[in-house]
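One structure is given here, and the rest of the page talks about it.
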Number of protein chains: 2
Amino acid sequence: MNTRLDLVFSALADPTRRAILAMLLEDDMAVTDVAEPFKVSLAAISKHLGVLADAGLISRERRGRVIWCKLEPDALREATVWMQGFGAFEPLDLDAFERFLEAELPDQQS
Amino acid sequence: MNTRLDLVFSALADPTRRAILAMLLEDDMAVTDVAEPFKVSLAAISKHLGVLADAGLISRERRGRVIWCKLEPDALREATVWMQGFGAFEPLDLDAFERFLEAELPDQQS
DNA sequence: CCTATATTCAACCCTTTGGTTGACGATCCA
DNA sequence: TGGATCGTCAACCAAAGGGTTGAATATAGG
């Protein structure tokens, strides 16, 4: 069990893969263009993209000769939820925050 | 570079280690007690604890014969910041939110 | 001091991972 | 059709990861 979380975290554990995700944050990219800034071979980048795709972090779509890579940030959600359990994030309890504001601010309409 | 982030994400990539962190969320624990629910050997758990400590996710302190393990959730902060860049979290830009409130609410003193 | 408990260390095993190179399939275009 | 481009596949290699067992260290307590 927990396989999905394993895949996501281990995909994120590699700096090359994190760099790829950061690049895809700006725009969808072809595999060749993803590989261009890196010193390793195209085949190595292709493998990294496979790992990212297996984790659900990107999707790939062929258009003509070119395969376009697209970030899928929703795949981070499960990992996010897990991490939230450790207080690493402000829990962003907006309801509580709104209640705080209502109690704190002077009434505005009688 | 990025070594710290590598260590944190790869530490989180193993389900046994995530389970250990979840256990430590409840309370500090001795190594032997951490190992008890798992099927693997004590030495294996000791290695996992080493990985977690190297990532900064736990600290260990010897008291007598017993080594107590303590969760260090702050070590997740850097990973959190990285993930926030991908829209997986509400960014919780409190400064921006406060500016929004100041602009939105009627003046309260002159 | 001697023994039991708590934990790590060391050596080993097998599998996975990240990299390489070279061949291959697919597509565009002249 | 034929050549160039895009990307993956296959086979291989070295290093790292997670596991084991058995010896070693440290401390507590009779």
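Nothing here was measured: the structure is a model prediction, and the numbers come from that model. Chain identifiers are assigned alphabetically (A, B, ...) following the order of the sequence lines, protein sequences preceding nucleic acid strands; residue numbering begins at 1 within each chain.
- A:Arg17 places a side-chain N or O within donor-acceptor distance of the main-chain N or O of A:Ser10, the cut-off being under 3.5 Å.
- Remark: side-chain polar atoms of B:Thr80 are paired, donor with acceptor, to backbone N or O of B:Leu76 under 3.5 angstrom.
- For the helix from C:dC1-D:dG30 to C:dC24-D:dG7, the rotation axes defined at the first and last 5 base pairs enclose an angle of 30°, given to the nearest 10°.
- What separates CG of B:Leu49 from P of D:dG19 is a distance of 12 Å, to the nearest Å.
- The closest donor-acceptor contact from the side chain of A:Arg18 to the backbone of A:Leu12 lies under 3.5 Å.
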- Message: Protein within reach of the bases, or only the backbone? For nucleotides 17-30 of chain C, mark each nucleotide 5' to 3' as B, S or -, using heavy atoms under 4.0 Å.
- Response: -SBBB-----BS--
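- Between A:Leu49 and A:Arg60, the closest side-chain pair of non-hydrogen atoms falls below 4.5 Å.
- For B:Asp6 and D:dA15, the CG to P distance is 19 Å, given to the nearest whole Å.
- Here C:dT5 presents its P atom at 18 Å from CD1 of B:Ile67, a figure rounded to the nearest Å.
- Rounding to the nearest 0.5 Å places CD1 of B:Ile58 at 10.0 Å from CG of B:Asp28.
- Distance CG (B:Leu12) to P (D:dG18): 12 Å, rounded to an integer number of Å.
- Using a 4.5 Å heavy-atom cutoff, the side chains of B:Leu24 and B:Glu26 are not in contact.
- At least one side-chain heavy atom of B:Cys69 sits less than 4.5 Å from a side-chain heavy atom of B:Val31.
- Atom C1' of nucleotide D:dG17 and atom CG of B:Leu52 are separated by 14 Å, given to the nearest angstrom.
- For B:Ser46, a side-chain nitrogen or oxygen approaches OP1 or OP2 of C:dT8 to under 4.0 Å.
- Under the 4.5 Å side-chain criterion, counting only non-hydrogen atoms from C-beta, A:Val8 is in contact with A:Arg4.
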